[in-house]
Amino acid sequence: MQEDNHTLIHSNSFGYISQCNCCQELQLCFGNLILVLEQSDFVIFKSSFFGLNNISSASIHRADKTTRYSIMTSYPDITLSLSKHEFEMASDLLNLAEIRLFLKKEFN
């Protein structure tokens, strides 16, 4: 992420969400996946992330040392393979970014 071109919205040890200073698109980074989304697409992605998935009933993608779950997204060709901890970190990123984007919009 180039700091001159983007404003960091929220980050944690799993990734970050930033916003382009010129076009306002959001850059969503989960581990090694980077998506560039319009704000309306971000809302759809976030709602589908929680609406399509419940970590306690998600399909197991791989069961070995660390169980990984298949996490569906609003994009039919993108399925995430996340551990329970990664799912929690991704949830944190999405929820706090949405709150910060809302506050930014309300106070600007």
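When reading the values below, keep in mind they use all heavy atoms of this one structure, side chains included, and skip hydrogens, waters and symmetry mates.
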Query raised in the report: Partners of Glu86 by salt bridge (charged side-chain N to carboxylate O under 4.0 Å, His left out), sequence neighbours excluded?
Result: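 Per chain and number, Glu86 pairs via salt bridge (charged side-chain N to carboxylate O under 4.0 Å, His left out) with Arg68.
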Query - Any residue meeting salt bridge (charged side-chain N to carboxylate O under 4.0 Å, His left out) with Asp64, in chain and number order, not counting sequence neighbours - result: Arg62
Query raised in the report: Where is the tightest heavy-atom contact between Cys20 and His6, given as atom of each residue plus distance?
Result: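 Nearest pair, atom of Cys20 first, then His6: N-ND1, 3.5 Å.
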Report task. Can you sort out the partners of Phe87 under ring pair (Phe, Tyr, Trp, His ring centres under 6.0 Å), two or more places apart, ordered by chain and number? Result -> Phe49
If Ile, Leu, Val, Met, Phe, Trp and Tyr residues are connected whenever their side-chain heavy atoms lie under 4.5 Å apart, and connections chain through other members, are [X] and [Y] in the same group?
{"X": "Phe45", "Y": "Leu82", "answer": "yes"}
{"X": "Leu93", "Y": "Val36", "answer": "no"}
{"X": "Leu35", "Y": "Met89", "answer": "yes"}
{"X": "Phe14", "Y": "Leu33", "answer": "yes"}
{"X": "Phe30", "Y": "Ile55", "answer": "yes"}

Taking atom [atom1] of [X] and atom [atom2] of [Y], what is their separation to the nearest 0.5 Å?
{"X": "Ser70", "Y": "Leu80", "atom1": "OG", "atom2": "CG", "value": "9.5 Å"}
{"X": "Ile44", "Y": "Tyr75", "atom1": "CD1", "atom2": "OH", "value": "7.5 Å"}
{"X": "Leu8", "Y": "Tyr16", "atom1": "CG", "atom2": "OH", "value": "9.0 Å"}
{"X": "Ser74", "Y": "Leu37", "atom1": "OG", "atom2": "CG", "value": "7.5 Å"}
{"X": "Leu101", "Y": "Ile9", "atom1": "CG", "atom2": "CD1", "value": "4.5 Å"}
{"X": "Lys46", "Y": "Leu26", "atom1": "NZ", "atom2": "CG", "value": "13.0 Å"}

**Report entry** Beyond-backbone contact of Lys84 with Thr67, side-chain heavy atoms, under 4.5 angstrom
**Finding:** no
Query raised in the report: With a 4.5 Å heavy-atom cut-off, do Ile17 and Phe42 have their side chains touching?
Result: yes
[X]: which residues meet the side-chain hydrogen bond (donor to acceptor under 3.5 Å, both in side chains) condition with it, sequence neighbours left out?
{"X": "Glu25", "value": "none"}
{"X": "Ser57", "value": "none"}
{"X": "Lys104", "value": "Gln19"}

Report task. Run the numbers on His10 and Asp92 for side chain to side chain donor-acceptor pair (under 3.5 Å), then give the verdict. Result -> CA-CA 9 Å; His10 184 60; Asp92 170 73; 2.9 Å; yes
Checking the side chain of [X] only, and the main-chain atoms of [Y] only, is there a donor and an acceptor separated by less than 3.5 Å?
{"X": "Thr73", "Y": "Ile78", "answer": "yes"}
{"X": "Ser47", "Y": "Val43", "answer": "yes"}
{"X": "Asn21", "Y": "Gln24", "answer": "no"}
{"X": "Asn53", "Y": "Ile71", "answer": "no"}

Query raised in the report: Does Asp77 CG have over 12 foreign heavy atoms under 6.0 Å away?
Result: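 Yes, enclosed.
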